[in-house]
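Below: one structure, written as structure tokens.
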Protein chains: 2
Amino acid sequence: MVEPGSAAAWRRAAAEAAAATSDEDALELVELFFFAYRDFVGDADRLLGKYGFGRAHHRVLHFVNRRPGLTIAALLDILRITKQSLNRVLKQLLDADFVEARPGVVDRRQRLLYPTPQGAKLARDLAALQSARFLKVMDGLPPAARGAASEFLFAMIDSDERERVRAHLACAKAAGGAP
Amino acid sequence: MVEPGSAAAWRRAAAEAAAATSDEDALELVELFFFAYRDFVGDADRLLGKYGFGRAHHRVLHFVNRRPGLTIAALLDILRITKQSLNRVLKQLLDADFVEARPGVVDRRQRLLYPTPQGAKLARDLAALQSARFLKVMDGLPPAARGAASEFLFAMIDSDERERVRAHLACAKAAGGAP
DNA sequence: AGATTTATGTCAATATAGTTGACGTAAATA
DNA sequence: TATTTACGTCAACTATATTGACATAAATCT
């Protein structure tokens, strides 16, 4: 493919082969990301269907379980939806006794959200499904590549959002949410 | 953390530190994947809004542009939605002259879908946005980790779907779709 | 103490993206 | 000729989100 005598062409090809990610590679990554996410959420969708819940319920239940005592405002901030949209889903989870709301102790206007025992169980089951996919993938990856996957995902997040995500992870870890 | 004298505990800790992915790590990956995808699609959403289109239009336009001459059936197979759902968005794309349908030459029942010039341009602009995120991420990653990201995403796809995805990518590459 | 802000709830209308089910039509195929 | 295939379409429905307006109780400011 490299024409003999063309130093520029050779240099270009060498540079590409060495490290750079081409536009075509990037497009492939875009599509792989789409397909990977499609299958990733598919696992949980099937289980949620048995309870008459959807993805919206999953997200709420997940974050409530992961950070018990979460306020409405904090949840809205994570999910990036309006309170009206959240309220519909949250009310169903409260009615079905998967989530419980207690008035805040320091600020009684707040409603602190906690998973009920059955809520925590469903959250764990859903997380187990999705974690299982990751565990299997990581297990099949060469050890050196494992840290890369996590680094890669973190880098995919908006740069001005990374600190908040990092804080959320630290907070969840400290709370010992659904381990 | 490692109690002296406990060989079993030491071996466990060493094994974990060496390679294994813990349940807590897996949970973190689940959340990172959620946040990464949220921001990834956010880029395109903003541009689509200017045209009055949504994510559904994006997906159709993307795959039509990537594999010109795609049939309805093939598109349904990729998107995993019903033809009624596809038809609504597809009709809008046809009406707005972003996609064109030509009767199949070998089988005249088929409608082969092609992007119009302005459809191809929008598809390219959208792809450029999302590719840019990947290019930036890959550029910031150590060279050794770059291949890992692609491998990782591919491994995240359902095992019984990987062949079809591989075929799609090969097909798109051969067609030279929107490079 | 009274005024204002904050955290949250709620009603109503609307949009987008998807579903199931039923029926129609033209072209390919057995 | 009969059947299957590829696609279109009408209708009713669900899920998830939006905007806008208004209500309430608790915290906070002056």
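Worth saying up front: this structure is predicted, and the values here are computed from it rather than measured. In what follows, every chain begins at residue 1, and chains take the letters A, B, ... in the order their sequences are listed.
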### Distance, rounded to the nearest Å, where A:L79 contributes CG and D:dT16 contributes C1'
12 Å
### Message
Is the ring pair A:F63/B:F35 parallel, tilted or perpendicular, if the boundaries are 30 and 60 degrees?
### Response
tilted
### Task
Round to a whole Å and report the spacing from CG of A:L90 to C1' of D:dA17.
16 Å
### Message
What's A:R55 touching, base or sugar-phosphate or nothing? Going by heavy atoms closer than 4.0 Å.
### Response
sugar-phosphate
### Query
Does a side-chain heavy-atom distance below 4.5 Å link B:L27 with A:H62?
yes
### Query
Hey, is the side chain of B:N87 poking within less than 4.0 Å of OP1 or OP2 on D:dC7, counting only N and O atoms?
no
### Message
Nearest to the side chain of A:K91, heavy atoms from C-beta on, is which of D:dA6, C:dT10, C:dT8?
### Response
C:dT10
### Summary
To the nearest angstrom, the CD1-C1' distance between A:I72 and D:dA26 comes to 16 Å
### Task
Quickly work out the B:L113 CG to D:dC7 C1' distance and round it to whole Å.
11 Å
### Whole-Å gap separating P (C:dA22) and CD (B:Q84)
12 Å
### Query
Does OP1 or OP2 of C:dG18 have a side-chain N or O of B:T82 closer than 4.0 Å?
no
### Query
Rounded to whole angstroms, how far apart are CZ on A:R80 and P on D:dT18?
12 Å
### Query
Of the candidate nucleotides C:dT19, D:dT16, C:dA17, which contains the atom at the shortest distance from the side chain of B:I81?
C:dT19
### Task
Figure out the CG/P separation between B:L94 and D:dT9, and round it to whole Å.
10 Å
## Note on the structure
Here the distance between atom P of C:dT8 and atom CZ of A:R102, to the nearest Å, is 16 Å
### Query
OP1 or OP2 of C:dA17 less than 4.0 angstrom from a side-chain nitrogen or oxygen of B:S85, does that happen here?
no
### Query
Is B:M138 close to A:L29 at the side-chain level, that is, under 4.5 Å between some pair of heavy atoms?
yes
### Message
Show, in sequence, the C-alpha distance, side-chain angles and deciding distance for B:R133 and A:D158, and conclude whether the salt bridge (charged side-chain N to carboxylate O under 4.0 Å, His left out) test is met.
### Response
CA-CA 9 Å; B:R133 182 178 290 262; A:D158 280 348; 2.6 Å; yes
## Note on the structure
Taking for A:F53 and for B:D107 the nucleotide of DNA chain D with the nearest heavy atom, the one nearer the 5' end belongs to B:D107
### Task
Check whether any side-chain N or O of B:R108 sits under 4.0 Å from OP1 or OP2 of C:dA28, and answer yes or no.
yes
### Quiz item: A:R109 side-chain donor-acceptor pair to C:dT8 base, under 3.5 Å
no
#### Entry: Student check: side-chain heavy atoms of A:L90 and A:V64 closer than 4.5 Å
no
